[in-house]
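Structure record follows, encoded as structure tokens.
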Amino acid sequence: MDNWKQNLPPIGQLGPFIALLLACSFFGATADNFFSAENFSLILQQVMVVGVIAIGQTLIILTAGIDLSCGVVMALGNIVMTKFAVELGLPAPLAIACGIGVTALFGLINGLLVTRIKLPPFIVTLGTFNIAFAITQLYSKSQTVTDVPPLMTALGETFQIGGTSIAWGTLLMIAMYVGMWWWLRDTAAGRHVYAVGNSPEATRLVGIPTERVLLGVYVLAGVFYGIASLLTVARTGVGDPNAGQTENLDAITAVVLGGTSLFGGRGVILGTLIGAIVVGVLRNGLTLMGVDSVYQVLVTGILVILAVTVDQLSRKGGR
Amino acid sequence: MDNWKQNLPPIGQLGPFIALLLACSFFGATADNFFSAENFSLILQQVMVVGVIAIGQTLIILTAGIDLSCGVVMALGNIVMTKFAVELGLPAPLAIACGIGVTALFGLINGLLVTRIKLPPFIVTLGTFNIAFAITQLYSKSQTVTDVPPLMTALGETFQIGGTSIAWGTLLMIAMYVGMWWWLRDTAAGRHVYAVGNSPEATRLVGIPTERVLLGVYVLAGVFYGIASLLTVARTGVGDPNAGQTENLDAITAVVLGGTSLFGGRGVILGTLIGAIVVGVLRNGLTLMGVDSVYQVLVTGILVILAVTVDQLSRKGGR
Amino acid sequence: ADAPVIGLITKTDTNPFFVKMKEGATEEAKAKGAKLMTAAGKKDGDNATQVAAIENMVAKGAKTILITPSDAKAIIPAIKKAQDKGVQVIALDSPTDPVSAVDALFATNNYKAGELIGQYAKVAMGGKPVKIATLDLFPGHPVGAQRHNGFLKGYGLQSLDAASNELAKPAEVVCMADTDGNQAKGQTAMENCLQKNPDINVVYTINEPAAAGAYNALKKAGKEKDVIIVSVDGGCQGVKDVAAGKIAATSQQYPLKMASMGVAAGVEYAKGGKKASGYVDTGVTLIAGKSVAGVDSKDTKTGLDLCWGNK
Amino acid sequence: MSTPQLVMQAKGLVKRYGQVTALDGADFELRAGEILAVIGDNGAGKSSLIKCLSGATVPDEGEILLDGRPVRFQTPIDARRAGIECCYQDLAVAPAMTIAENLFLGRELKREGFAGNVLRMLDKKKMLEVAMQRMADLKVGIRSMTQAVETLSGGQRQCVAVARAAAFAKHVVILDEPTAALGVKEGNMVLELIRRVRDKGLPVILISHNMPHVFEIADRIHVARLGRRAAVLDPKKISMSDTVAVMTGAMRPEDIPADCLAH
Amino acid sequence: MSTPQLVMQAKGLVKRYGQVTALDGADFELRAGEILAVIGDNGAGKSSLIKCLSGATVPDEGEILLDGRPVRFQTPIDARRAGIECCYQDLAVAPAMTIAENLFLGRELKREGFAGNVLRMLDKKKMLEVAMQRMADLKVGIRSMTQAVETLSGGQRQCVAVARAAAFAKHVVILDEPTAALGVKEGNMVLELIRRVRDKGLPVILISHNMPHVFEIADRIHVARLGRRAAVLDPKKISMSDTVAVMTGAMRPEDIPADCLAH
Ligand SMILES: Nc1ncnc2c1ncn2[C@@H]1O[C@H](COP(=O)(O)OP(=O)(O)OP(=O)(O)O)[C@@H](O)[C@H]1O
Ligand SMILES: Nc1ncnc2c1ncn2[C@@H]1O[C@H](COP(=O)(O)OP(=O)(O)OP(=O)(O)O)[C@@H](O)[C@H]1O
Ligand SMILES: [Mg+2]
Ligand SMILES: [Mg+2]
């Protein structure tokens, strides 16, 4: 008797989805060339890096944390993997593993500071933001790394489906979202992430090792940042030390637009994907409309607020 | 019998204070010229803008909100008051009032969106961040406004006490901190700010108009941003459209370093003042030490984490 | 026929330099009957937004894209993709690396701009022992590095070459601080530098707002007479500050010229299918309050005629 | 026998939460100066009922009359203005704030003269004293009124909430399971307090699962069942076991002897 | 008469919170297969005591023995590993999660075969069924097990917490005021459940302020007073009013007739 309720999409996803539909119809009506498979494929490619970072960010926000360091840690991973491959001559897979290892290490450091010394995640990740940024600049001498091995850019390549070119990276991103959605929903570990965010004390009292859950989340998020590093390389073909400096706000925006609560424990990760796409659609649509760049900022501000308003109102209706 | 407990400094202030002392002794030992009345007076002048913004930010964070728009709203106020005075020829006091009016209006908009449509403060203020930023750039054409009337820079002037020059703006900042500290502690309205942040539902149920409290806080924060606008003009002598873009993180950092919880309802505003000074001391001390800029970023990251660690450990000891 | 569509992608929307460039392009486009689309990175160094902007403009049907690349190398794959679709890409202000990645480059030489003020400062100091403070942009930014290193080179101090993105630090530089090119932060940085070393006598600043901030700090400390401030950009406010004696000299650059040349090339391409090519240096002029021997400079009156921004 | 004056009355209250119907046409009557017990199974809709009466939730249907005049409470503030104070089951306290602050939350005492009228300063000393007094009345051994409520034991916390409701009511006091977490002594003190409130002339609505308490103190018993009012009983006439039977549905309301019904 | 086997034992537990001393050298003994009631005034230290026994807090002094062996529980996980389950007074539930999820939090059922062993997938269907069963045992009329706990009434929420503790214990069950918010019927069901647990051979520690309940079900009564154990009474020998007198301090422990003490 509970089944039909379970099969309804949770309200948390419906809201962002409506916002997305509204945004699409708006741009479809006002901007030429918006409604085309090619353009949507483009949008997906553009959101792929932020989208993958936002997976990690969602995990952390579900535990009532926040990660400001995500973008620059991604940049560090990007520099490590490209430099290891280009300058140390490591084989590409090994270099990629090293890059992901470094981002995971930063996740571990964040996690240890949060769980062991019980520091607020905001401050911890603000600190590691600075640290990762500085290391990236020092290690790369602020120089872009070029001539990366082709294997590293493979995910940026596209293949054709019915005349539309789709990037492998896009597929990977969507696969990871579906995978994490399933993991959060259908495994004990995933439910514990929600529990820790919803009520850390209750979770501790029923005998779940909350610190281990938290630590795991931070490390896992680090791994996703590492994958995002690879995707950045794939998209730009170089190692870019200046990447990622504004991605933290973008990723958090995607998470919040996707209906996940900043207070933890409530939200659905697929909402984040939609949130990331909404951000991409806004940018793409406004450019296609030919809006001047400063006005784009203005309109983005208004539309972001409108999008959550739609979300919020649709929730009220849904109750 | 309760009295002696009340007179102990609350733990929330002791921690940041210890961190500040440690930072000062560190720089005192390693950097020349750090320990001088003149240098401290300078640091206070340098933190005065962020310090006043952080008063508003503290109020909002105490209600479990967050304000990303604070810095750019401050910049908008700064441009409005200088342009109104210089280009429209308004008398300085009126122009200042207009600038503060605009920042308070933005506070009102933030507040209305948070209380009426119940949007998350993070997204609301991210939206108004973009909006205020764009309006500032459009209205000022990204040009600095010069030749501002002397009345507007009066707070930047200094007076001498025992050979040390102290800025009027510094005094104003400290007076406002003490005033708000008293207000939050000793008036019903102030206690309601804590109550709303600590348990919004309980506060509503006992019959406190929580929405009005919240709205008031956002508007009041807007007023503080307006005063910060004036202080920026006073400090730099111009209207600067590019001010304020990183002040949101700085202000939040000051609040968190000062021991206020991002989950609302817990914290002491004097801690924020200390937090802001810690940030200023770090920047000043590192420059005096002659640390290179990239390394400054690195060291800032490490020191921020150390500061909260000290705070956290001193709390444990204090219990 | 449809009006030709031209895209302009700047580094940011906040730097008056780029804002002027955009205004210039808008006017030129209006005059030539072209349609201009604009986009900008969120902050200096933001490559991802520029890549997305190129893609979106190509999707919209732009035939020419003018870009001030935030990252000389990272932007190249996106440029290549656009060129494969027949789009003409012209770099403005800053080159790509390699320069040949774009069809043409209308730019200024930031390293040279730095060298000019370095040479000027050296002569103006007349061989006195020098203590330099540099108020830079922020770590990792190529323009920041080029101006800084060019300045030191021009001063004849140990420095790095134009390709480096690191900041050289010879012994004469007693204080270095970041300003984000912002007046308030420039002032804070200068105040701290003076605490560290009250004997600073030459101040290099990344741009004129930072220079104005530095001047404020010096004036408060009563040292504005003893210190030479040099800067780069040549905005009208900056030139006025030179005229007022706040800044000793500045290297003037010409964003409007770059923009109008770019738009013209775009219209040309749309009409005749002929792409622009090669490197056009839009020039750097040293504007100085007092000219010094051995360094070519123009006076502030000339500077005001050529400057950009509110005259 | 003249009909007693009705202080509060509700007719046909309906409250739905999604698919769950918490109130399904509930009626309610509170007489002047009485202690009315509201009893019922878990989930019978007792808390939902009093939340409607205190403005904490707005019913979907039905009307509420106060002193015979229809009222529409949109927020707890409206009810508070009408002199109704409520102690909720899930203890509406602000955990990080002190006992004294919680007691006076929203009803703070201001100082006399300039400090109070112009500066709007709180009279903390007075509030501490009063708080101390109130908690002593309930015989709760709490050492310091400046302790945060989150550091209190479960029962101590409940005492704070009960004391608050009793202290400030001008018209009606509503207590939702006030003695649930209380020890024997403290529980009796709360009953004592309820009597004192009634003796001041204020009617009290008492929700409780504790039958001995209910029979000890109530003037009438409102039995809630499945979101409605099943019956109103007279505790002097009906036995405890019959009451439980009505409450659990073992005895149909029609089968209750007429003289056991309260009138 | 041989000394009965002691399952759990604590000696001289001390727990201080700042200036407040919650436990002041408390002793404790739990025998195999018994229902031990713990009673005491509000703030007497009952919850603090059982939090030490369940690993929720670490005592400042004193030692705990399990089956005669000293143990040091640093976290609730340690106690859970030893088979001790506890239902806390302030209901350790995750409000946004469903009833079924809360019941199985930390003890989730995995599917059979590949899906469970390798993919580590949850057996949601099974968990729903079991949850339905457990709640039906307690006669709680909850419609859907996929309802979030925050939408439940106070009593319903308590039933979830009680059912969880009873379901998973392997060694000792600790219940802190499990019937406080429950209706008459549901309260009786919980007593029934406690008996069933005891009959399985598990000892139960029951904290309660409800004297009739305590006298109905307890084998021995531990009276907590001012952070210590005042006495252990035999409910078959002592009267309810004497017990209350001991609890409130009206009767000194020395004055209790020797045969009323449990041994
Ligand atoms: N916010 C809510 N959302 C969904 N359902 C709710 C909500 N509040 C109450 N309910 C449901 O309404 C019904 C009645 O709840 P209510 O709290 O009024 O019961 P009660 O009589 O007070 O029970 P108890 O004695 O356990 O406190 C319950 O089934 C509960 O699950
Ligand atoms: N975290 C804490 N911080 C400070 N004091 C505490 C804390 N927890 C408990 N106390 C104090 O310890 C004493 C004992 O509390 P405890 O919860 O053990 O009492 P209890 O016997 O369970 O009472 P009740 O019957 O009301 O639940 C109380 O005075 C309480 O104020
Ligand atoms: Mg209830
Ligand atoms: Mg207790």
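Predicted, not measured: the structure shown is a model, and the values here were computed from it.
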How long is the span from the CG atom in D:N210 to the CG atom in E:N210, to the nearest 0.5 Å? 6.5 Å

Crowded around E:R252 CZ? As in, over 12 foreign heavy atoms under 6.0 Å? no

Among the listed options E:S48, E:G40, E:P212, E:A180, the residue most often paired with chain D at heavy-atom distances under 4.5 Å: E:A180

Residue from D:T151, D:D176, D:L182, D:V244 scoring the most non-hydrogen pairs under 4.5 Å with chain E is D:L182

Would you please name every residue forming a salt bridge (charged side-chain N to carboxylate O under 4.0 Å, His left out) with D:D219, sequence neighbours left out? D:R198

Taking it one step at a time, do E:K185 and D:N42 satisfy side chain to side chain contact (heavy atoms under 4.5 Å, CB included)? CA-CA 9 Å; E:K185 189 176 62 178; D:N42 291 126; over 6 Å; no

Considering all heavy atoms, the nearest D:G43-E:S153 contact: N-OG, 3.5 Å

Measure across D:H209 and E:G183 and return the closest heavy-atom pair with its distance rounded to 0.1 Å. ND1-CA, 3.1 Å

Which residues in residues 154-164 of chain D have a heavy atom less than 4.5 Å from any heavy atom of chain E? D:G154, D:G155, D:Q156

Whether E:E186 side chain and D:D41 backbone form a donor-acceptor pair below 3.5 Å: no

In short, D:A181 meets E:Q89 closest at the heavy-atom pair CB-NE2, 4.2 Å

E:K236 atom NZ: more than 12 heavy-atom contacts under 6.0 Å: yes

